[in-house]
Amino acid sequence: MPKTEQYSPLPPWPRTDYCGAIRATDVGREVALWGWVQTRRDHGGLIFIDLRDRDGIVQLVLNPKHDGAAHAAAGETRSEFYVAAKGKVVRRAEGTANAELPTGEIEVLVSVFETLSASAPLPFQIAEADATAEEIRLKHRYLDLRRPEMQRNLRWRHQALQAVRSHLDQNGFIDVETPILFKSTPEGARDYLVPSRVNPGKFYALPQSPQLLKQILMIGGLDRYYQIARCFRDEDLRANRQPEFSQIDIEMTCPRPEDIQSIAEGMIASVYRNVLDVDVKPPFARIPYAEAMERFGIDKPDTRFGLELKNLTAAFAGTSFKVFAEILARAESVYGISVPGDHALSRRELDELTESVKSRHAMGLAWIKAAEGGWQGPIAKHLSDGERAAATAASGLKAGGTLLMVAGPPAKVRPVLGDIRLQLAAKFGLDKSDALKFLWVVDFPLFDYSADDKRMVSVNHPFTAPNPDDLAMLDSAPLEARALAYDMVLNGQELGGGSIRIHSRELQLKVFELLGLTREEAMDRFGFLLDALKYGAPPHGGIAFGVDRICMMLCGAESLRDVIAFPKTQKAVDPMSGAPSEVDPRQLKELSIKVTS
Ligand code: ASP
């Protein structure tokens with residue numbers, strides 16, 4: 001261990017190689033390395049050290065006969081000491097090569113060895129981090145980041161963004177930074193607010209996305225913009241959300257949806273080619289929102305497997321089964337999923353599924369089995385031969401299969417079955433397939449009705465243009481109007497979404513009005529956009545992709561936190577620094593803020 005008088009912040013010699021990059025072709029070379037001691041094994045006289053840096057591991061050998069001082073210094077190291085070594089690359093002895101390691105054919109016979117920095121006993125072993133509680137890994141993120149998996153994930157993230165930048169650059173997009181201290185930009189979450197000291201009582205909002213700014217860049221003549229933008233959304237953190245995240249933010253002038261989609265497809269294909277050497281073949285399938293809901297019960301369908309929803313309403317018209325009859329009398333519907341016999345569901349599994357549908361969705365699940373002797377299950381006896389034949393035809397039920405059914409209003413029934421579909425896929429392992437099913441969901445509705453707020457809300461955001469064919473509906477049936485909005489989906493995950501925007505001030509005001517904003521509220525919040533729209537605003541549109549989500553898919557990671565260097569926990573906390581934390585009363589005073597809780 002270096003004594004204080006020996007302390008030097010400078011490297012003892014220049015490095016020649018990364019540990020993990022040395023190969024058999026380097027045999028005979030003198031190398032100088034730095035890295036962490038992953039393991040140290042003393043074998044009689046010989047000491048073996050696995051030395052690790054960001055490229056991987058190389059085996060060092062210290063022979064007391066070769067260099068006594070180096071051997072003695074190595075003998076004092078422990079896990080995660082940071083050391084420097086010089087030596088000669090030699091081939092490993094017959095029969096001792098390690099085929100699992102890229103450096104497994106060679107080792108470095110060390111002649112000079114120095115500890116640059118000792119390590120305290122570790123809270124967890126780097127190699128065993130997988131089994132360590134995530135809270136502890138995040139608290140000691142500097143150790144966790146040393147794991148090869150984290151090193152790889154961050155490197156792939158870098159490569160993905162390199163591919164993105166180069167693709168967008170080649171297509172004429174200009175990287176423009178937009179402010180972090182800004183005004184509220186609604187994307188459906190709460191704002192993070194920052195008090196302004198020099199303007200007491202006033203606040204900036206951190207951008208939920210650069211949406212308004214990128215639109216204004218189009219009005220400002222940039223024509224094609226992109227940015228790897230930080231976005232901030234104060235939401236109750238569900239699994240796989242982060243309060244701050246990065247977005248590939250794109251906007252262009254005068255696009256058709258297909259222009260944006262094709263640039264985005266090329267970008268994603270370039271990412272997969274550059275990072276994984278995988279060929280993704282655009283154009284991706286397009287599925288209208290209405291069809292996605294009808295077939296999959298969700299607006300981001302995973303099409304790696306079937307188990308599609310089927311509308312069985314007609315099959316049960318006139319049924320004498322009371323539960324269905326009552327629901328159908330209210331002009332509601334019956335939907336089902338037919339589960340093939342090779343994915344048999346036991347009675348217990350069906351009971352559990354019924355229970356979970358009841359507790360999660362407050363809906364009933366009916367099922368029948370197409371057994372050899374005929375239909376089985378609690379409701380089978382209520383169904384006539386005609387209904388059985390019609391339901392079999394409509395659902396595609398085959399001998400040995402099970403038909404799961406939910407009845408009620410389609411807007412409720414389909415998402416419930418969509419959820420069951422995903423649960424079944426997970427149960428049967430169908431969601432483990434490494435197929436890449438990219439698709440676009442298009443023709444989203446412009447508005448949705450929020451029962452909580454008793455008003456219409458934007459499905460995307462308020463700046464999304466209505467489909468020109470549906471403009472008249474804004475007055476007659478606004479909830480039926482379609483938007484020029486589109487989402488890119490991969491294997492059931494939304495990678496990105498965007499839209500053509502409103503570039504007419506009048507139409508934008510009308511949409512605000514439909515959303516329940518008074519003229520004053522609209523001017524107060526979005527006056528700057530409404531002003532900009534007065535001055536020859538060109539038609540424009542764009543899209544944004546979640547960097548973290550894309551990287552999670554690329555890396556096959558379970559969590560967004562595994563592809564972010566310093567993520568926050570589910571509670572929006574950083575366990576390493578302890579942020580958020582209390583602040584000095586003096587700071588609060590300067591900001592004219594009183595904490596009431
Ligand atoms: N601003 C949108 C979002 O963050 C994306 C877009 O419309 O371009 O989801």
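Every number for a ligand or one of its atoms is a count from 1 in the order of the listing.
Contact atoms of ligand 1 toward G498: 6 (C), 7 (O) (distance under 4.0 Å to a heavy atom of the residue). Each of the atoms 5 (C), 6 (C), 8 (O) of ligand 1 lies under 4.0 Å from some heavy atom of G497. Heavy-atom proximity to R501, at under 4.0 Å, picks out these atoms of ligand 1: 6 (C), 7 (O), 8 (O). Ligand 1 places these atoms under 4.0 Å from at least one heavy atom of S209: 1 (N), 4 (O). Atoms of ligand 1 found under 4.0 Å from any heavy atom of I543, numbered from 1 in the order shown, are 8 (O).
The shell of residues lying under 4.0 angstrom from ligand 1, judged by heavy atoms, excludes E251.
Ring centroid separation for the pair F526 and F463 comes in under the 6.0 Å cut-off. For F545 and Y226, the gap between ring centers reaches or exceeds 6.0 Å.
Remark: D469 CG is packed, more than 12 non-hydrogen atoms of other residues, nucleotides or ligands lying under 6.0 Å away.
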Item to check | Y272/F438 under ring pair (Phe, Tyr, Trp, His ring centres under 6.0 Å): CA gap, chis, key distance, verdict | outcome: CA-CA 12 Å; Y272 270 80; F438 287 98; 5.6 Å; yes

Checklist entry - Could you walk me through whether D574 and K568 pass the salt bridge (charged side-chain N to carboxylate O under 4.0 Å, His left out) check? => result CA-CA 5 Å; D574 168 28; K568 301 218 169 30; over 6 Å; no

Checklist entry - Can you list the steps and then say if I263 with L168 is a side-chain contact (heavy atoms from CB on, under 4.5 Å)? => result CA-CA 8 Å; I263 285 165; L168 293 175; 4.1 Å; yes

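In terms of protein heavy-atom proximity, atom 4 (O) of ligand 1 is closest to R233 NH2, 2.9 Å.
With a 4.0 Å cut-off on non-hydrogen atoms, E494 does not touch ligand 1 at all. At a 4.0 Å heavy-atom cut-off, ligand 1 does not touch Q215 at all. Contact annotation: for A544 versus ligand 1, heavy atoms closer than 4.0 Å belong to both the backbone and the side chain.
For ligand 1, the polar-atom distance check against S499 finds no nitrogen or oxygen pair separated by under 3.5 Å. Taking distance alone, with nitrogen or oxygen atoms compared against 3.5 Å, Q208 stays at or beyond that limit from ligand 1.
Heavy-atom minimum distance, A532 versus A537: O-CB, 4.3 Å. Between M553 and L495, the shortest heavy-atom contact is CG-CD2, 4.0 Å.
For atom 8 (O) of ligand 1, the nearest non-hydrogen atom from the set K214, E187, Q247 belongs to K214.
N311 places a side-chain N or O within 3.5 Å of a backbone atom of T313 that can act as its donor or acceptor partner.
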